[in-house]
Every structure is written in structure tokens, then in C-alpha cells.
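A short worksheet on the structure shown next.
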Amino acid sequence: MTTTGVPAFLFVVLCCAGGVGCGYRAVYASGAPAHLHVKVVASHVPDAIAADEVAAGLREELARAGALAAGDGYPRVAIEVLRADEASEGIAAGANAPVARGTDVAMVARAWVEPAAGEEPVSDTGDVRAEETVAVDVRAGQPDPRADSFHHADALRAAARRLGHALALRVLGLPAASEDP
């Protein structure tokens, strides 16, 4: 009544358990194609590098999921970079006027899957937003605009890359939060 030292009923249970998966599937799975190309179809921001960072972040996340295809073609994820936002984060007294102590820099974009040329898009993400906060550098008691311009560009690109990650998760049907205020 044993098979190589294991009781027969235990052997059958283990075989059945190994052959049947748990049945877990993502609730919001949209059935996106297995391998996707990535293309920025429109960018409404002046920083072209930030738009490329959105695509780079999306490619990273698709590659992590094993869903990235190299080169151009279909099916593809089309990206529209909608806007870059900026808002002050706290106010300090300056010599002549109030100044921002920090800056919130955000990017907003949307993406969708185009299964083939001329076909209806699927898996539209809607508008997704990601933001970074930058402290204002102070030199001799005054804000330093030279340093701020470098930090601003870096923060915009970091927000753009995180935005690409969030877009990819939504395209794949996985939960991803937008950082809407």
C-alpha cells in the first residue's frame, strides 16, 4: 500500500495538488497581449527627455513582467504625455518677497494598447500622475536658481520614470495608484 515509502493516498493527494493551480488571477486583468512594443505617440511637455523617461519606465516594468517586445511594431503600448505640473511646497520669507521652500514637480500621462494598425485601442489607463518634491537650495540666505534648475530637471525625470512604471502596471491589468492631489 505504499509507493516508494509514501502511503498511496498521500501520493495521490500530492499529485493532484501539484497538477491543479490555486486559480488566482488578477481581478482587473485586461487580457493584454503577451509581448508589447512601446511608443510615445504624443508629448505635450517641452522636456523631451522627460517624455522618454516615461517610455523607459514603462519598458522596465514590461520587461520585469516578461511582456516587452523589442523594436517597433504591433501590438504596442501607445503613450500620450499630457502635462508637467509644478506647485510650491511651503513658503518662506525672502528678502523682498515670499519664496517657495520646496517644489512639487509632477507628470501626467495616459497609455493604451493598440493590438494592430487601425484597430480599436484596449486597456486604456486613463490619466495617471506621479510627482516628486524638491527642496529649494539656499545660498547666502537666498534661493539659488542655478542649483534649483538641476534639481528640478532631475525630479521631473524621476517622476516621469515612476509614471511609466505605473502606466505599465495598469496596462497589464495590475493595480497601480495615481498620485492625484
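Only this structure's heavy atoms are used, side chains among them; waters, hydrogens and symmetry mates stay out.
- Listed here is the closest heavy atom pair of P115 and P121: CD-CA, 4.4 Å.
- For A160, the side chain to side chain contact (heavy atoms under 4.5 Å, CB included) partners are A50, E53, V54, M107, not counting sequence neighbours.
- The side chain to side chain contact (heavy atoms under 4.5 Å, CB included) test applied to T103 returns E86, V105, V136, not counting sequence neighbours.
- L156 CG to I49 CD1: the interatomic distance, rounded to the nearest 0.5 Å, is 10.0 Å.
- Not a single salt bridge (Lys or Arg N to Asp or Glu O under 4.0 Å) links D52 to another residue, sequence neighbours left out.
- In plain terms, the two heavy atoms of I79 and A55 that are nearest each other are CD1-CA, 3.8 Å.
- In terms of heavy-atom proximity, A109 sits nearest to V81 at CB-CA, 3.8 Å.
- The existence of a salt bridge linking D85 and R83 is confirmed by a sub-4.0 Å separation between a basic side-chain nitrogen and an acidic carboxylate oxygen.
- The line from NE2 of H152 to CD of E132 is 11.5 Å long, rounded to the nearest 0.5 Å.
- Ion pairing between K39 and E114 fails under the 4.0 Å rule for side-chain N and carboxylate O.
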Tell me which donor-acceptor pairs under 3.5 Å the side chains of residues 63-74 have, and how far apart each pair is, sequence neighbours excluded?
unit_1 : atom_1 : unit_2 : atom_2 : d
R64    : NH1    : E61    : OE1    : 2.8
Y74    : OH     : R76    : NH2    : 3.4

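- Under a 3.5 Å cut-off, the side chain of T125 and the backbone N or O of R170 do not form any donor-acceptor pair.
- In this structure, the separation between CG on D104 and CD on E89 is 4.0 Å, given to the nearest 0.5 Å.
- For E80, the salt bridge (Lys or Arg N to Asp or Glu O under 4.0 Å) criterion is met by no residue, not counting sequence neighbours.
- Scored by the side chain to side chain contact (heavy atoms under 4.5 Å, CB included) test, D124 finds R110, W112 as partners (sequence neighbours excluded).
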### Query
Checking side-chain contact (heavy atoms from CB on, under 4.5 Å) for the pair L62/L172: CA distance, chi angles, key distance, verdict?
CA-CA 8 Å; L62 288 178; L172 293 171; 3.9 Å; yes
